[in-house]
Amino acid sequence: MMSQTSFFTDSNALNGKPANHLSHEALKRVLNEQQFEAVIHGEGPLLILAGAGSGKTRVITHRIARLLAEGASPRSIIALTFTNKAAGEMRERIASLSDRITSGLWVSTFHSACLRILRQHAERINYPKDFIVYDMQDQVRLIKLCLIEIGLEEKKFPARQISSFISRFKNKMKGPEDAEKETRGNDEFIKVFGMYERRLAESRSMDFDDLLLKTLYLLRNEEEVRTGYQARFEHILVDEFQDTNMAQYEIVHHLAGKRRNICAVGDDDQSIYQWRGADITNILNFEKDFPDAKIVLLEKNYRSTGNILRGASEVVSRNIGRKEKKLWTDNTAGEKIKLYTATDEMDEAKYVVDQTKAMQRNDGLSLNDVAVFYRTNSQSRAIEDALRRDGFPYQIFGGLKFYDRKEVKDILAYFKAALNHFDVVSFKRIINTPPRGIGAVTIAKLEMAAITEGVSLSAALDNISVIQGLGASAREKLEKFREILSAIRSKVTSASPADAINEALTITGYMDWLSADKKSESLSRLENLTELVNAAEEFEERTGENSMMAFLDQSALISDADKIDETTATVKLMTVHISKGLEFPAVFVTGLEDNMFPHARSKGDSAQMEEERRLLYVAMTRAKEKLFLTHALTRRVFGVSQANTPSIFLNDIPKEVLAKSGGGEAVTNFTSRPGRTRTPALTNRPVKSFKNKREQGEEIGGFRVGQKVSHPSFNVGVIRAIEGAGEKSRITVYFPRFGEKKLMRKFAKLTTI
DNA sequence: CAAGATTTTAGTATT
DNA sequence: TAAAATCTTG
């Protein structure tokens, strides 16, 4: 996928005589000087700063192949990536480069490597070997349970937000005690955090952060474990190092031990997950932690044309606090970057379709060569509609994951609850799903019994007589549920995952429940459940595993982006985040508007604005030959048509690499400036260049500047400005919670108050 | 208790 | 707009 064609075919051609193709001479032929140095570097820490498209995956894979050729045992090497997709790709390429048997070689994501370690040694930290992995949804559910128990309103303390706060602390290896010191005055949060950690442990479950933290704990405190892995892993390679968090860094450190054979590869300009706890200092401080580290800079870009590279570099160069680097390329300047001003999101989508059509016709591009990026998932709709209208097949990535779907999670929850009877979240999820007449009151009684008896909910259920004040019908219903759960339990051990799931659909009554419902939604849910059985079958075939636990583990750790289908020609639609690590001959980056990209929520925070900028850099550098940037003058957001000015980032693309089109009359407030003018990125300055701006107090069509208005979606706000009159007039309103919005009067349902 | 009505909310999501 | 959360009613 990230191949530089000539090299790739080269390595295939050499399959017959692999011993030679990893010699210095041979390597020199397929690698540039810096890549070569990185590949043959011997013992000791190595940091590879690899710009976009500079061939970092090739360096890692060649390095591993070379280590193997030099006689290193496969089991002495571990390569850590962030996605399953990256891991899979890497594994494949190593296999094609190396003639050695690579079994025993670990190429996996951080999380699956940790899970593997933990399944091995869980008992040392008082967890059963069959602990459950909680995904984000489970995590939020558990937090909700804590909120209820503490008596906090979810309104004031949104569980999702709390979960990300908690995660941020855990990412920095901090617990509730540390939070207490750092968030003085936020007693509620500390309370929830504390209870969450307790309940999680009581559930014998681990969230994603735990997978890292508990592994780290093992490595730190269990000498036998630590020395065991240190002895084994003589070489550690870490990809996307800029996106590691503190815990991951520590894990790498501990694994490396005294040998310190760490090879870290990354690019600070491509760090786009800081909002999730990625700690860019890991890469910026590598040299401080390893003063003797060999540092290799990969600055030659093989992917993009000169113009694309130039435009992208200028955008990211506005960031402060980055490692200065000068990406360059031998490639021709190529076509200019095209900038299209659309009237609205439909026009934007039409442009995408028209240009795609033209490229197919004139340049012989396959639909597989075309990708459309956007900042937020909701933007995909207009583009989907347009593609569908013209009969273009497309695939969409991101959004709701298969394993996150309600019906899939429901069924899997039965197995989690069956495997681990301490798992509260799963138990509560299924006790009345499908509805079987067990309501809040009955559950409360069951819970009460569990607490007074000091046992799990599941254990209390198995001993119904301990439940106080239970009516005859409630008892009967609980009894029935108990039977269902125990039937599932017996299937877990007696049947393969696919068969077990298939039978669970009947045993639980889920199938009947959905079939009885005539809504089309239920139909698609049924299809998803069939798909789940298929997925389990496929899993068994692929891995040779037939334990339910293994299937559950992968369901928690896998994502949809892993299954990009290359076989059928489709246009690929995805968020910019998902695009990282991919490349396409033709790329559209859409919605380049103020408040969309950069996103409204990032404004006023310089760190977040820098990340938005890097995000655009990542997006632009995915393109090999053709890059289209689009922005729309108005866009429907949450059902309201909103006028948007172009993204300020566009100002930073030199005009000599740009070709503008579209928009015509209305391109205001946007001038392309070459050179190094620094954009004031941080201020939410009022929109300039209003035509016919009204003075305070003057009334236009029932509205005047300074007036308070109410909006169905954005609540109460104050009118800042009114442009134009009649049908076309636009009103700029400041909403305290949503910021400044420029609304079309025609559409905005504003009422004066 | 559950279905239907109403209200609320709105980002990105490698694991 | 649309999905999810919450409230209302049978």
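Below, chains carry the letters A, B, ... as their sequence lines are ordered, and counting in each starts from 1.
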Selection from [options] that lies nearest to any side-chain heavy atom of [X]:
X	options	result
A/Arg160	B/dG11, B/dT15, B/dA13	B/dA13
A/Asp243	B/dT14, B/dG11, B/dT15	B/dT14
A/Phe208	B/dG11, B/dT15, B/dT14	B/dT15
A/Arg601	B/dT15, B/dG11, B/dT12	B/dG11
A/Arg636	B/dT12, C/dT1, B/dT14	C/dT1

**Asked** Any donor-acceptor pair under 3.5 Å linking the side chain of A/Ser167 with the backbone of A/Ser164?
**Response**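 No, A/Ser167 side chain to A/Ser164 backbone: no donor-acceptor pair under 3.5 Å.
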**Request:** Taking A/Asp344 for its side chain and A/Asp347 for its backbone only, find out whether a donor-acceptor pair lies under 3.5 Å.
**Result:** yes
**Request:** Can you establish whether the number of heavy atoms outside A/Met246 located under 6.0 Å from its atom CE is more than 12?
**Result:** no
**Prompt:** When you check the gap from the basic side-chain N to the acidic O, do A/Asp385 and A/Arg388 get nearer than 4.0 Å?
**Reply:** yes
**Prompt:** Salt bridge check: are A/Asp267 and A/Lys56 linked by an N-O gap of less than 4.0 Å?
**Reply:**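 Answer for the salt bridge query: no.
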How long is the line joining [atom1] of [X] and [atom2] of [N], in whole Å?
X	N	atom1	atom2	result
A/Tyr374	B/dA13	OH	P	9 Å
A/Ile148	C/dT6	CD1	C1'	13 Å
A/Leu478	B/dC1	CG	P	10 Å
A/Ile578	B/dG11	CD1	C1'	13 Å
A/Gln137	C/dA4	CD	C1'	12 Å
A/Arg405	C/dA3	CZ	P	12 Å
A/Leu557	B/dA13	CG	P	18 Å
A/Leu616	B/dG11	CG	P	20 Å

**Request:** Give the ring-plane orientation class for A/Trp513 versus A/Tyr510, where under 30° counts as parallel, over 60° as perpendicular and anything between as tilted.
**Result:** perpendicular
Taking only the side-chain nitrogens and oxygens of [X], find out if one of them lies under 4.0 Å from OP1 or OP2 of [N].
X	N	answer
A/Lys144	C/dA5	yes
A/Asn377	B/dT12	yes
A/Thr83	B/dT15	no

**Message:** With a 4.5 Å cut-off on side-chain heavy atoms, are A/Tyr196 and A/Ile166 touching?
**Reply:**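 SC-SC contact between A/Ile166 and A/Tyr196 confirmed.
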Please tabulate, for side-chain N and O atoms in residues 107-119 of chain A, each donor-acceptor pair with protein atoms closer than 3.5 Å (sequence neighbours left out).
from	atom 1	to	atom 2	distance (Å)
A/Thr109	OG1	A/Ser112	N	3.0
A/Thr109	OG1	A/Ser112	OG	2.4
A/Arg119	NE	A/Asp553	OD2	2.9
A/Arg119	NH1	A/Lys129	O	2.7
A/Arg119	NH1	A/Phe131	O	3.0
A/Arg119	NH2	A/Phe131	O	3.0
A/Arg119	NH2	A/Asp553	OD1	2.7
A/Arg119	NH2	A/Asp553	OD2	3.1

**A/Leu211 vs A/Val133, side-chain contact (heavy atoms from CB on, under 4.5 Å): CA-CA, chis, key distance, verdict** = CA-CA 8 Å; A/Leu211 294 179; A/Val133 179; 4.2 Å; yes
**Message:** Heavy atoms within less than 4.0 Å of DNA chain B: which residues of residues 427-444 of chain A have one? Give them sorted by number.
**Reply:** A/Asn432, A/Pro435, A/Arg436, A/Gly437, A/Ile438, A/Gly439, A/Ala440, A/Val441, A/Thr442
Select base, sugar-phosphate, or nothing to describe what [X] touches, counting heavy atoms under 4.0 Å on all strands.
X	result
A/Gln248	nothing
A/Thr81	nothing
A/Lys477	nothing
A/Asp209	nothing
A/Gln139	nothing

Stacking check [X] vs [N] (5.5 Å / 30 deg):
X	N	answer
A/Phe110	B/dT15	no
A/His577	B/dA13	no
A/Phe638	B/dA10	yes

**Message:** Suppose we call a contact any N or O donor and acceptor under 3.5 Å apart; does that hold for the side chain of A/Glu612 and the base of B/dG11?
**Reply:**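 Indeed, a donor on one side and an acceptor on the other fall under 3.5 Å apart.
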